[in-house]
Participant: 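My questions all concern the structure below.
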Amino acid sequence: MPALEDADVERVRALIRSVPSGHVTTYGDVARAAGLGNARMVGWILRTDGADLPWHRVVRADGSLAPHLATEQALRLQAENVTVSGHRVLLRPLRHVFPA
DNA sequence: GAGCTGACACGGC
DNA sequence: CGCCGTGCCAGCT
């Protein structure tokens, strides 16, 4: 019965807000921590209700960024001292892990 | 009601 | 290593 509920959306928003400045997380991690089946849903939530969130701290599993956001996202990340090479971030040392 | 689209992940090449 | 194709779930036309 996995129809996206308001509670799920709020959970995702809270998780992203909990990511400290200078750190980044992945869509997959957020999805798993929020109890969502697919990481695509996280992207969908951010697209609809993520304007007021630090969405730039959320990247793909391999550290790459979505084409349309790549430019601005990279800019914002660099402003937080996050190393960005091209359209890709080094999440190895900066990856924020959510508590199980 | 059916089909296309998308702020993703993963396995191959 | 990086690019490409396939699978997933929900929403929109």
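Quick note on labels: first sequence line is chain A, next is B, and so on, each numbered from 1.
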Participant: Among the nucleotides C/dG11, B/dC10, B/dA7, which one has an atom lying closest to any side-chain atom of A/L69?
Facilitator: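 Closest of the options to the side chain of A/L69: B/dA7.
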Participant: Expressed in angstrom and rounded to an integer, what is the separation of A/Y27 atom OH from B/dG6 atom P?
Facilitator: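 Value for this atom pair: 15 Å.
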Participant: Would you classify A/G37 as touching base, sugar-phosphate or nothing, given that sugar-phosphate means primed atoms plus P, OP1 and OP2, and contacts are heavy atoms under 4.0 Å?
Facilitator: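 A/G37: no heavy atom of the nucleic acid under 4.0 Å.
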Participant: Rounding to a whole Å, what distance do you find between A/D62:CG and B/dG11:C1'?
Facilitator: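 Distance, rounded to whole Å: 13 Å.
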Participant: Atom CZ of A/R32 to atom C1' of B/dC10: distance rounded to whole Å?
Facilitator: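 So the CZ-C1' distance, A/R32 to B/dC10, works out to 16 Å.
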Participant: Can you check whether A/R47 has a side-chain N or O nearer than 4.0 Å to OP1 or OP2 of C/dG11?
Facilitator: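 Answer is no, no contact under 4.0 Å.
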Participant: Nearest-Å distance, CG (A/D49) to C1' (B/dA7)?
Facilitator: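 Distance check: A/D49 CG to B/dA7 C1' gives 14 Å.
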Participant: Without decimals, in angstroms, what is the distance between A/D52 CG and B/dA7 C1'?
Facilitator: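 Rounding to the nearest Å, CG of A/D52 and C1' of B/dA7 are 15 Å apart.
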Participant: Classify the side chain of A/N38 versus the base of C/dC9 as yes if they form a donor-acceptor pair under 3.5 Å and no if they do not.
Facilitator: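 No pair found.
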Participant: May I have the distance from A/W55 (atom CH2) to B/dG6 (atom P), rounded to whole angstrom?
Facilitator: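 The answer, rounded to whole Å, is 18 Å.
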Participant: Output the rounded distance in Å from CG (A/L91) to P (B/dA9).
Facilitator: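 Taking CG of A/L91 and P of B/dA9, I get 10 Å after rounding.
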Participant: Using a heavy-atom cut-off of 4.0 Å across all strands, would you classify A/R88 as base, sugar-phosphate, or nothing?
Facilitator: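 Sugar-phosphate: the residue A/R88, judged by heavy atoms under 4.0 Å, touches backbone atoms but no base.
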Participant: Output the single nucleotide from B/dA7, B/dG6, C/dG11 whose closest atom is nearest the side chain of A/W44.
Facilitator: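 Among B/dA7, B/dG6, C/dG11, the one nearest the side chain of A/W44 is C/dG11.
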Participant: Which value, rounded to the nearest 0.5 Å, describes the distance between A/I45 atom CD1 and A/E10 atom CD?
Facilitator: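 Here the rounded value is 9.5 Å.
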Participant: Are the side chain of A/D8 and the backbone N or O of A/E5 linked by a donor-acceptor pair below 3.5 Å?
Facilitator: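 Answer holds: yes.
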Participant: Using 4.0 Å as the upper bound for N to carboxylate O, is an ion pair formed by A/E80 and A/R76?
Facilitator: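 Answer for the salt bridge query: no.
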Participant: Taking the minimum atom-to-atom distance to the side chain of A/M41, which one of C/dG11, C/dC9, B/dA7 wins?
Facilitator: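 Nearest nucleotide to the side chain: C/dC9.
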Participant: For atom CG of A/D52, decide whether the heavy atoms of other residues, nucleotides or ligands shown that lie under 6.0 angstrom number more than 12.
Facilitator: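 Result for CG/A/D52: enclosed.
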